[in-house]
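These numbers come from the heavy atoms of this one structure, side chains and all, not from hydrogens, waters or symmetry mates.
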Amino acid sequence: MAADASMARMALRHRLADRGMDRTLLLLLPAVIFIVALFIYPFVYGLQLSFQPQPGSETVQRYGSGPFADYHNFFADSYLRDTIWTTLKLSLPAALFNVIASVPIAYRMRGRFRGKRTITTILVVPITLGTVLTAEGLLAFMGPTGWLNRLLMDAGIADHPVRFTHNYWGVLFSLIISGFPFAFLLTLSYLSGIDPTLERAAATLGAGWWQRFRYITLPLLAPGLGITFCLSFVLAFSVFPSAIMVGDPAGQTRVISIAAFHAAFEQYDYSMASAIAMIMGAVELIVIGLVLGWRSRLYRGATGGKG
Amino acid sequence: GSPSSGGGAKDLSPNSVPDNPKKAVTLNIIDVAGNLQLTKGMIDEFVKTHPKVIKKVTYTTATAPELPGKIKAQQSAGQVQIGLVLTGTDGLAAGISQKLWVKTDDYASRLGNANYLPPAAKMQELAQGHGVEVVYYPSGPLIEYNPKTVTKPPATAQDLLAWAKAHPKKFQYARPANSGPGRTLLMGLPYILGDSNPKDPKAGWTKTWAYLQELSKYVDYYPSKTSETMANLANGSADIIASTTGWDINPRALGQVPAGDKVAYLKGMHWVTDAQYGVVPTGVSADVLSADLQLLKWMLTPQQQAKAYDTGYFYPGPAVNGVTVQMAPPKSQQVIQQFGRPEYDQWIAKFPKETSLPAEQQVAAFDQWDRTVGSGKVRK
Amino acid sequence: MAAVSGGRRVTLRPGAWLVWGAVVFFMLILAGVVGAVVVDSFGTRWFTGWLPAGWTTRWYGTTWREFDLGGVLVVTLEVALAVVVVSLFIGVPAAYALARRTFPGKRVLMVAFLLPILIPPITYGVPLATVLYKFHLAGKLSGVILANLVPAVPFVILVMTPFIEQIDPKIEAAARMCGARTRVIFTRILGPLLLPGMLAAAILILVRTVGMFELTFLTAGPDSQTLVVALYYSVSSAGIRAQQEIDAMAVIYTMSMLVLLVVALRFVNPTQLVTQIKERD
Amino acid sequence: MTRPDTRISELRLDKVSRGFGGVPALEGLDLTIRGGEFVALLGPSGCGKSTALNCLAGLLPLSGGSIWLDERRIDTVPPEQRGFGMVFQNYALFPHMSVRANIAFGLRMASVAKAESRRRVDEALSLVQLGDHAAKFPGQLSGGQQQRVAIARAIVMEPALVLMDEPLSNLDAKLRLEMRTEIKRIHQTLGLTTVYVTHDQEEALSLADRLVLLRDGRVQQVGTPEEVYTEPANRFVAGFMGYRNEFELPVTSGSGAGAGKSVVLGDLTGTRREDLGETAVAAIRPEDFTVGDGPNAMEVDVEVVEYQGREQAVQARTAAGAPLHLRAAARLAPGDRVTVSVPPERVLVFAAESPAAPAEVS
Amino acid sequence: MTRPDTRISELRLDKVSRGFGGVPALEGLDLTIRGGEFVALLGPSGCGKSTALNCLAGLLPLSGGSIWLDERRIDTVPPEQRGFGMVFQNYALFPHMSVRANIAFGLRMASVAKAESRRRVDEALSLVQLGDHAAKFPGQLSGGQQQRVAIARAIVMEPALVLMDEPLSNLDAKLRLEMRTEIKRIHQTLGLTTVYVTHDQEEALSLADRLVLLRDGRVQQVGTPEEVYTEPANRFVAGFMGYRNEFELPVTSGSGAGAGKSVVLGDLTGTRREDLGETAVAAIRPEDFTVGDGPNAMEVDVEVVEYQGREQAVQARTAAGAPLHLRAAARLAPGDRVTVSVPPERVLVFAAESPAAPAEVS
Ligand SMILES: Nc1ncnc2c1ncn2[C@@H]1O[C@H](COP(=O)(O)OP(=O)(O)OP(=O)(O)O)[C@@H](O)[C@H]1O
Ligand SMILES: Nc1ncnc2c1ncn2[C@@H]1O[C@H](COP(=O)(O)OP(=O)(O)OP(=O)(O)O)[C@@H](O)[C@H]1O
Ligand SMILES: NCCCCNCCCN
Ligand SMILES: [Mg+2]
Ligand SMILES: [Mg+2]
């Protein structure tokens, strides 16, 4: 009997193992407990708050107090709805640029050469700047009386100051300055895991540097790049301080977090703010879902060589 | 978001609050208005002279918008750690509407009679009994200009518009929601332009909105903080900006703006006054509340109020009667002597004083400004 | 692969010129941006012209005193290091399980791990703070650390998963055959192999934590403010503040992060990995 | 080296199976290994040898069956608790550790004292002749050197059971011989039970107490080297054990179950190994032919001659046109016509339908 | 398959050297390879064989010397422009590509038409017997299967020069024999010039036109298989080529430069291969001994007997106590005392100071 029971347990174990469930999954436990304890409850709270429009708020005046009134309001009001597009217009190019630009630079940084560590450090330094210094620096450096405009005017390239700040470009620059090192650091690290022997093998098969990159390195790097893009995108999508400080927060760079901030902290309409935040999350989730869906179709596994 | 049904914040009844704390308290003060610049001296002196009431203060600074969330979190958890909040009208109003503050009026007898200046007394009414005004100033709207480029400053609103048209991008004010001078201009214009109801931004500000939209055509952009307009004035990107008494004196004293820059007012000027308050979150212990009350009372004595002259930050500053510059600390006197403007006393006496809009109308005005002026800006 | 062909001659192809050109351009812009702030923070006043009218260090003194930056820096450092260490401890094992196994419900779990990164803290910050206050964790260092862990742990998981996928499981198998238990595999085998990834994740979390305003603000007590709260305050509070003071504070902020970064990079080179040993000269 | 305290008395594999995505790589492997025995797994590439080792080691969960160690079921015990040692086919060295650290790793895991560990590592290093390379990293070693590190890493632990997956495949003949002797010596002095995968017949024959022949994940024959070599169970085993020449011919006499061992196929007389049908297959090793007249004599035309030192590998063709491989000490040249012969007891006759050594390994 | 259009007429290595961190791995390699030639590099593990191949392929920059292809200097040409094919010792398969895509990679790089490419890949696949595994990824293959993919990937390109680094090390005897034949066939039909690294003497002897013996990065001997096998240049080569028995003895007669080939050392008569000093070393292959009386007869005690199929590998000890390896067809058992003999022409005598095969490979 006992043997039978233990046999059944074993069989179950075999079946579970076949489906990938074994003791390794215990490693997920701390993270799961942590997330459940400290995130799920607050998140659910925020979620349900978004379905309870604030009495007396504009939403309620216009669309009643149904559970979706705040969402309705958001999508009905172009002033709010357009922030999605405004934000995507900033965050997608910024994230794409950061990821795409870091690949060739990281690619060049492989192998050993003098000054490599210094260049790496310098390239990574901007992540320490913080939004404030970046914004103040952009305003001071690229502002109408900043060094850059002075240079342009002294050099006769421009006859009056060029506007680099307080518009779309200002925010994009700041997203690049703060986002590039981030993407670069990740890309560089992911790249370092790829066995250089594979490229050598490709070289003996007649692949030039571009082909080696295109067919060997890039596909092996792609899963990492997918994640890098997602994280860069999320950072850029939630752009807030720089959209205000170096952007045009009432117009071109009225991003979605400004709308959320406005709802929460200027109108004190927390349920509207929650709804906007949920919409933010949903938009990001869609973009990330697309990327991760694509990623799941890629090869993911050891890139250390020997098959 | 914030839990609405926290309920942890125990309401004290006035009887349960002792005159003196049973034990000297540690008071955590949070400043969301830059108020400590004016009142820190008062508080420190209180602590020094009343060790049995407050054994130690900690200061935290923050911005007003995020404050209610933090207070609510503490209140919902029944763990209120903030003993006193120093705030402007924004934080005050947010807290009132969300029922965060102790009703100080219940303790009026302990606070004594504050003997406020008349316009300050009006500002105290905004607190609806849930806070104590500690400093006051008449604010603006004023225009500040660079005399090198603006030889004859506009004297009327129409002059200003014409000047802006003639000098595109050279007039500037910051987004009202983020800027004292910006919002003072917004709230002052209905008086200057003679709008039908200066207290009703939605229905009564027809002229103001039309004026601002017209003006907007010649405005380059709206900075998100006042100091940027100041910097632009200093570096020549702007020649006229919106200002207030404090924003005129203090930045010149700090060297942010050339000392020689001048101010002017527009015809039909009404002061739109401003004030800052001390408020107490509900849920604090009886001892802390007791200490708060003693402290607030102390801060409203004329000797302490004189410290509010500061370096012109909130010029003049004191909220109560009988405080003169001569009572202020010497450093204060010296700065006001050097960067103050004698005409201010005249102007303050001369022009009518109006309280700023109640919070709800302010929010509505800001929202309308954002939608119709800020974002409606024609791109050039 | 200049290294392969360039045994004796160092040649740069157009592609290389382009890349290095872009790098230099980026660095110049960066120097301008940083330089402008640094110069201003040391200037007496700088209305117009290439340089300020005079030089001073007074702004550093005033901000330092006003915000008690000494204490704030210590807190910032403590919070940042604690968050980095704890999030790695929780996140890396989880990333391992996600990288090595496919199991039912994995997708749901992935989304659950993604959400804290996606959803702005506006939504969950206050209820989170309430929970922490309830358990008497907030209002002090522990609360700030726990709150900051909420986005940090998922971040580690997301960054580390591809790294772990890159490592050949055979190497782990070999370690197991030598009698290494899971813990040892993490510390002695995966740890060193994942070092570049963990370093990258650590740096990024450090940066995000030090820069995380909302959650820190909501859960901090008077003795547990971090630099960013002071910095945001100095930037966006009501009131008048000398621009140079803000710049000085921004420089202090950056310098402290820079010190952490450089220290980190001294100890571990992000480009170093196993395979680099194979990069024969 | 000291004898490890734990010895195995018996290791039993009971219908061990393992598939990959539904395709079986190992099917119902039944095998009992006695303590101290040296078992070699043999079989064509892809037949499941590494899979079997990995299952034994606990690195691959079984999809069926069980493994018993001294009557304790161990197939669910995690690998690090089984206390086995393994040499991986691809070495799987720790890339971030020096050679010395790689070898010392297991000792460190077992908390062996510093000095003792040092001594044992030094011993292992000199055993695999890598003393000079102790400080190098795996990436700086040649293929053979890496392989030797892998051997040293497993052996230094003196585990009760050692699993070796083609441990000598990248070594030169001379070194291989030396290492082989060492492995044998260690096996004998320490009494380590060993399961050894090799593609080298000679290695298998000389090292192992028993051979296990696998094909497509199924056992074909288990036996002592001599049994497998001289009495292959079927045509596949014969082919694999070097009976390179196969002649499919009709059975002339001696077929049938009750008949004696001797069987005649056309003009070949051989020894029957199975029940036969109408036609049968005669399998002969190249080295069993002798040049010159004798039993089963036939005339062949020499086609290709390969130099192989003392001997030549010769490819010839019979009068009937069938290719024939033989080894010859005499100097032959392409075009020569010679008579070769082979004793009937060296002509093994299998049923034709018995599976041939697979032409296509699957 | 079609013949590639570019044929090599001569590849010349001129003092090619390569070191790692100051330690030389290859020193002054001079070698001229004729078009179509099959050259095998032999030598103990770590002697620099892979290094030499990598230098030839252009994967390792030289630290000295030059490489000339038909009078064009190519050592600075990047590997992808040399048009050489290479089978890596550790395969270096692309982990993210299927077996088919791995093999097709080079053709894709050369922009070979789809259909043609498909055909050639199919051919290569069946050559290495992996038709059934075309859709698998390297991580799903057994060791030997991976190795075969590596071979197919290089060979499908029909490159003018193929470099193979132990391409058959993980294959079983039967398959190795088949693959060996295939490699030989491809080499001959396409006239591919081949440089081949192997540790398998038999493979080297049977495949190569010429052998290059390396030791510690230096060439020891270059010659045809027969030359190297029968006339090893020194004691090291002899040891490496299977002269396992070495007896160091005083020279009794026949030393000196002018003397004839015959030399007597104690009671052994042998053939001199070098100028000798006072003492010399006699090297004898195990298989050159015969059991029974004859020239150079000696009595030995059998100590260890290894079963090796038709023959036995026997370890014995001479009366003088020296160990002696021999192979015997007769059945011997440990403890037997037998007389063995060896013809003098199979006893090669080298100077004692001539370097022995290294005990410690460095
Ligand atoms: N990157 C490196 N750094 C340092 N030493 C190295 C490096 N690569 C190889 N070596 C050393 O160079 C020598 C020659 O190595 P190589 O790989 O050419 O040997 P090999 O003849 O191919 O040996 P095997 O038959 O074992 O593969 C070895 O001693 C090896 O340790
Ligand atoms: N992860 C995997 N996924 C799918 N098939 C696999 C996987 N691993 C191994 N196989 C298949 O299982 C079979 C047995 O593989 P195994 O590695 O055991 O062979 P082997 O006998 O060790 O061969 P070799 O001598 O070539 O190393 C092979 O056909 C192989 O292709
Ligand atoms: N994700 C938004 C970051 C918001 C930072 N808030 C600072 C507010 C200062 N008023
Ligand atoms: Mg295998
Ligand atoms: Mg090698």
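- Neither the backbone nor the side chain of L107(D) comes within contact range of chain C; no heavy atom of the residue lies under 4.5 Å from a heavy atom of that chain.
- Considering CG of L59(D) and CD of E172(C), their distance stands at 10.5 Å, rounded to 0.5 Å.
- The two residues I189(C) and M97(D) have their closest heavy-atom pair at CD1-CE, 3.7 Å.
- In this structure, the portions of A57(D) lying under 4.5 Å from any heavy atom of chain C include both its backbone and its side chain.
- A 6.0 Å sphere centred on CZ of R107(C) holds no more than 12 heavy atoms belonging to other residues, nucleotides or ligands.
- Heavy-atom contacts from other residues, nucleotides or ligands closer than 6.0 Å to CZ of F135(C) number 12 or fewer.
- Expressed to the nearest 0.5 Å, how far CZ of R176(C) lies from CE of M86(D) amounts to 14.0 Å.
- For F84(D), the parts sitting under 4.5 Å from any heavy atom of chain C are the backbone and the side chain alike.
- Side-chain contact between F94(D) and R188(C) is absent, with no heavy-atom pair separated by less than 4.5 Å.
- Residues M177(C) and G85(D) approach most closely at CE-C, 4.1 Å, considering heavy atoms.
- The heavy-atom pair separating A92(D) from A174(C) by the smallest distance is O-CB, 3.4 Å.
- When heavy atoms are compared at a cutoff of 4.5 Å, R108(D) approaches chain C solely by way of its side chain, counted from C-beta outward.
- Proximity of M109(D) to R181(C): side-chain heavy atoms (C-beta onward) are nowhere separated by under 4.5 Å.
- Of all heavy-atom pairs between A180(C) and E80(D), the closest is O-CB, 3.2 Å.
- Top candidate by heavy-atom pairs under 4.5 Å with chain C, chosen from A154(D), P78(D), G106(D), G58(D), is G106(D).
- The minimum heavy-atom distance linking I171(C) with L93(D) is given by the pair CG1-O, 3.9 Å.
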